[in-house]
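Right, one structure below, let's go through it.
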Amino acid sequence: MKRLLLCGLLLSTQALVLAAPARAQQSWMVGRWYGYGQPNDKSQMWIGTAFADGKFHVLHRQCIQGKAIDHTNDGTWSLKGDIFTIRIEKVDGEVLPRTDVYRVLSHSETRQTYRHEATGFVYNSRKVDGKFQMPPCDLAS
């Protein structure tokens with residue numbers, strides 16, 4: 001009985017150790033990230049929040065003649081090696097599922113660069129704190 005208990009304890013400890021690198025790899029991604037540029041609009045801004053539970057929220061802002069047009073995306077994210085996948089569940093609160101795959105080109109605790117695999121568009125973002133606000137459109141457009 002002691003051997004069975006010891007074996008079970010060793011196996012569960014090994015599973016925790018093997019899972020730790022995956023969590024550590026994703027931990028740099030958690031937080032708020034600010035960037036700008038979309039394939040058809042280089043001036044569009046966005047703030048994306050990646051939560052530790054694998055969920056995300058993105059606020060996109062397009063500036064037209066000094067006025068902000070905002071859109072949101074909500075869903076889940078994952079990171080396996082250098083492949084960053086987001087599964088959009090809702091756009092502006094409406095269910096519109098889609099999956100986007102990106103390749104992480106470089107990252108640090110404060111900056112990241114990644115490429116959308118389908119379009120080849122390269123995104124750059126920097127980590128911002130919870131108080132950060134996007135610049136107003138009259139300064140950006």
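Just so it is clear, the values below take in all heavy atoms, side chains as well, and ignore hydrogens, waters and symmetry mates.
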Spell out, as yes or no, whether a donor-acceptor pair under 3.5 Å connects the side chain of D53 to the backbone of K55.
yes
Contact summary for S78 and R87, nearest pair of heavy atoms
OG-NH1, 3.7 Å
Is there a side-chain contact (heavy atoms from CB on, under 4.5 Å) between K67 and C137 once you walk through the steps?
CA-CA 6 Å; K67 296 192 188 313; C137 280; 5.9 Å; no
Between H57 and T72, is there a side-chain heavy-atom distance shorter than 4.5 Å?
yes
Would you call Q38 and H60 a side-chain contact if the rule is heavy atoms closer than 4.5 Å?
yes
side-chain contact (heavy atoms from CB on, under 4.5 Å) between V104 and L79: does it pass, once the steps are laid out?
CA-CA 9 Å; V104 177; L79 180 65; 4.0 Å; yes
Taking the side chain as C-beta and beyond, is there a heavy-atom pair between Y123 and H116 under 4.5 Å?
yes
side-chain contact (heavy atoms from CB on, under 4.5 Å), that's the test. Do M134 and I47 meet it? Break it down for me.
CA-CA 8 Å; M134 280 193 272; I47 295 178; 3.6 Å; yes
Going by side-chain contact (heavy atoms from CB on, under 4.5 Å), H71 matches just one of D92, V58, L59. Which one?
D92
Donor-acceptor contact present, side-chain N73 to main-chain I88, <3.5 Å
no
Could you list the donor-acceptor pairs under 3.5 angstrom formed by side chains in residues 29-36, with sequence neighbours left out?
| unit_1 | atom_1 | unit_2 | atom_2 | d |
| --- | --- | --- | --- | --- |
| R32 | NE | D129 | O | 3.3 |
| R32 | NH2 | F132 | O | 2.8 |
| W33 | NE1 | M29 | O | 2.9 |

Does the side chain of F84 reach to within under 4.5 Å of the side chain of D100, using non-hydrogen atoms?
no
Dump the intermediate steps for side-chain contact (heavy atoms from CB on, under 4.5 Å) on Y114 and S125, then the final yes or no.
CA-CA 9 Å; Y114 49 96; S125 61; 4.1 Å; yes
Salt bridge (Lys or Arg N to Asp or Glu O under 4.0 Å) between K90 and D74, intermediate numbers included
CA-CA 5 Å; K90 293 183 179 181; D74 292 281; over 6 Å; no
To the nearest 0.5 Å, tell me how far C63 SG sits from D70 CG.
8.5 Å
Could you state the interatomic distance from CH2 (W46) to CD (Q44), rounded to the nearest 0.5 Å?
10.5 Å
Rounded distance [0.5 Å steps], CD in E109 versus OG in S27
6.5 Å
Taken to the nearest 0.5 Å, the spacing of K127 NZ from Q112 CD works out to 8.5 Å
Minimum heavy-atom distance between W77 and I86, given as atom pair plus value:
CB-CG2, 4.0 Å
Is I83 reachable from W28 through a run of I, L, V, M, F, W or Y residues, each pair having side-chain heavy atoms under 4.5 Å apart?
no
If hydrophobic residues (ILVMFWY) are linked whenever their side-chain heavy atoms come closer than 4.5 Å, directly or via other members, who joins L105 in its cluster?
V122
Minimal non-hydrogen separation, R61 against P135, with atom names
NH1-O, 4.0 Å
Side-chain heavy atoms of I69 within contact of I64, under 4.5 Å:
yes
